[in-house]
Amino acid sequence: MSANPGKFNWPVSDQPGAELILLNGPPGIGKSTLARLFADRHPGTLNLDVDQVRCLIGGWQEDFQAAGAQVRPIALNMAATHLAGGHRVIMPQFLDADEEIGLFTGIALKAGAAFREVVLMDTGESSVERFYARGDNHDPWHAKVTAIVEQNGGSTLLESMYDSLTSGLHARPSALVIHSRRGEIEETYTSLLNALA
């Protein structure tokens with residue numbers, strides 16, 4: 001995406017404790033579920049689910065990529081504003097490009113906040129299975145994303161995304177990797193808390 005954080009006058013936090021947590025991982029690994037749980041149990045935390053924000057843009061189903069380009073600067077502004085208030089942001093989002101991760105890292109630094117990346121991982125095979133098993137088939141978001149994945153290679157695309165994320169972690173040694181097993185939500189949540197402690 002082409003958002004440029006340098007062109008905005010981002011607010012700066014004057015309160016300790018502000019942090020941006022990127023909850024990364026392959027599609028369907030449980031990022032959104034875990035982020036909702038974390039926000040529910042940490043009042044004041046913004047659950048910045050970029051995929052849900054995209055759904056607020058009219059026509060997102062017809063032009064998925066264009067809506068994605070529009071939503072990135074919105075997400076950056078939301079994160080910057082909440083961090084400036086001295087609050088925590090958790091963002092469940094698959095990001096494997098250093099440039100995109102750098103945008104959100106920069107926002108945290110400009111706000112005087114910490115940036116932390118936690119990556120949920122399972123085996124490659126299990127990650128693909130979980131993508132296809134997730135959500136409600138009647139949910140427009142899941143239906144659209146599944147259709148896009150199928151149009152672009154299906155399981156082969158998902159395997160490529162998994163490999164790209166895995167290889168990128170070698171360049172980000174500060175990223176904390178935790179294992180996520182299907183159905184073990186509370187256990188994974190505990191692992192997230194331990195990783196952030």
Side-chain angles (χ1 to χ4, degrees), residues 1 3 5 8-57 60 67-68 70-95 100-122 130 134-136 139-142 145 165 172 174-197:
M1 307 300 171
F8 297 103
N9 292 318
W10 300 109
V12 176
S13 172
D14 59 358
Q15 301 180 47
E19 64 177 347
L20 171 56
I21 302 166
L22 168 60
L23 192 56
N24 208 341
I29 200 74
K31 300 181 296 295
S32 294
T33 299
L34 212 60
R36 281 194 300 270
L37 190 60
F38 185 91
D40 287 346
R41 296 179 182 180
H42 294 82
T45 298
L46 171 63
N47 177 12
L48 183 53
D49 194 328
V50 178
D51 293 335
Q52 294 304 311
V53 178
R54 186 195 304 243
C55 293
L56 300 177
I57 297 175
W60 69 269
Q70 289 178 327
V71 80
R72 188 66 73 218
I74 294 171
L76 289 166
N77 274 292
M78 290 175 70
T81 300
H82 205 63
L83 292 170
H87 304 295
R88 180 188 288 118
V89 176
I90 187 165
M91 187 176 77
Q93 184 71 19
F94 167 79
L95 292 179
E100 285 193 290
I101 294 173
L103 288 175
F104 288 97
T105 304
I107 288 305
L109 295 177
K110 285 179 183 288
F115 176 85
R116 307 175 80 177
E117 180 183 5
V118 179
V119 186
L120 302 181
M121 293 296 285
D122 200 342
R130 289 172 68 168
R134 72 176 181 171
D136 180 356
D139 179 353
W141 166 257
H142 287 142
V145 171
L165 177 61
R172 301 194 306 278
S174 61
L176 305 170
V177 179
I178 61 176
H179 192 68
S180 169
R181 291 185 178 86
R182 185 176 176 183
E184 296 185 358
I185 297 172
E186 287 293 341
E187 292 84 352
T188 307
Y189 178 76
T190 298
S191 296
L192 172 62
L193 294 184
N194 290 337
L196 293 172

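Just so you know, these numbers come straight off a predicted model, no measurement behind them.
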Value for CG (L22) from OG1 (T105), rounded to nearest 0.5 Å, stands at 8.0 Å
Can you run down the salt bridge (charged side-chain N to carboxylate O under 4.0 Å, His left out) pairs that involve residues 81-92, sequence neighbours left out, and say none if there aren't any?
E19-R88
Test salt bridge (charged side-chain N to carboxylate O under 4.0 Å, His left out) applied to D122 - qualifying residues, sequence neighbours left out
R130
Which residues satisfy the ring-ring contact (aromatic ring centres under 6.0 Å, His included) test with F38, sequence neighbours excluded?
H42
May I have the step-by-step check of side chain to side chain contact (heavy atoms under 4.5 Å, CB included) for F104 and L20, ending in yes or no?
CA-CA 8 Å; F104 288 97; L20 171 56; 3.9 Å; yes
Hey, is the main chain of G25 close enough, under 3.5 Å, to the side chain of K31 for a donor-acceptor pair?
yes
Just jot down the salt bridge (charged side-chain N to carboxylate O under 4.0 Å, His left out) partners of R172, sequence neighbours excluded, or say none.
D98, E117
Heavy-atom nearest pair, N47 first then P92, reads OD1-CD, 3.6 Å
On a heavy-atom basis, the closest approach of I29 and S180 is O-OG, 3.4 Å
Residue list, side-chain contact (heavy atoms from CB on, under 4.5 Å) with A67, at least two apart or on another chain:
R54, I57, W60
What pair of heavy atoms forms the shortest contact from A108 to L83, and how long is it?
CA-CD1, 3.9 Å
Just one of V89, I90, I21 clears the side-chain contact (heavy atoms from CB on, under 4.5 Å) bar with L48, so which one?
V89
Go through V118 and I178 one step at a time and tell me if the side chain to side chain contact (heavy atoms under 4.5 Å, CB included) criterion holds.
CA-CA 7 Å; V118 179; I178 61 176; 4.0 Å; yes
Do Q93 and E100 come close enough that some side-chain heavy atom pair is under 4.5 Å?
no
D49 meets the side-chain hydrogen bond (donor to acceptor under 3.5 Å, both in side chains) criterion, sequence neighbours left out, with S32
Which donor-acceptor pairs under 3.5 Å do the side chains of residues 188-197 make with protein atoms, sequence neighbours left out?
from, atom 1, to, atom 2, distance (Å)
T188, OG1, E184, O, 2.7
T190, OG1, E186, O, 3.1
S191, OG, E187, O, 3.2
N194, ND2, T190, O, 3.3

Nearest 0.5 angstrom please: I107 CD1 to M91 CE, how far?
10.5 Å
Whether the side chain of H87 engages the backbone of A18 through a donor-acceptor N/O pair (distance < 3.5 Å, no angle test) should be reported.
no
Got a donor-acceptor contact below 3.5 angstrom from the N24 side chain to the L95 backbone?
yes
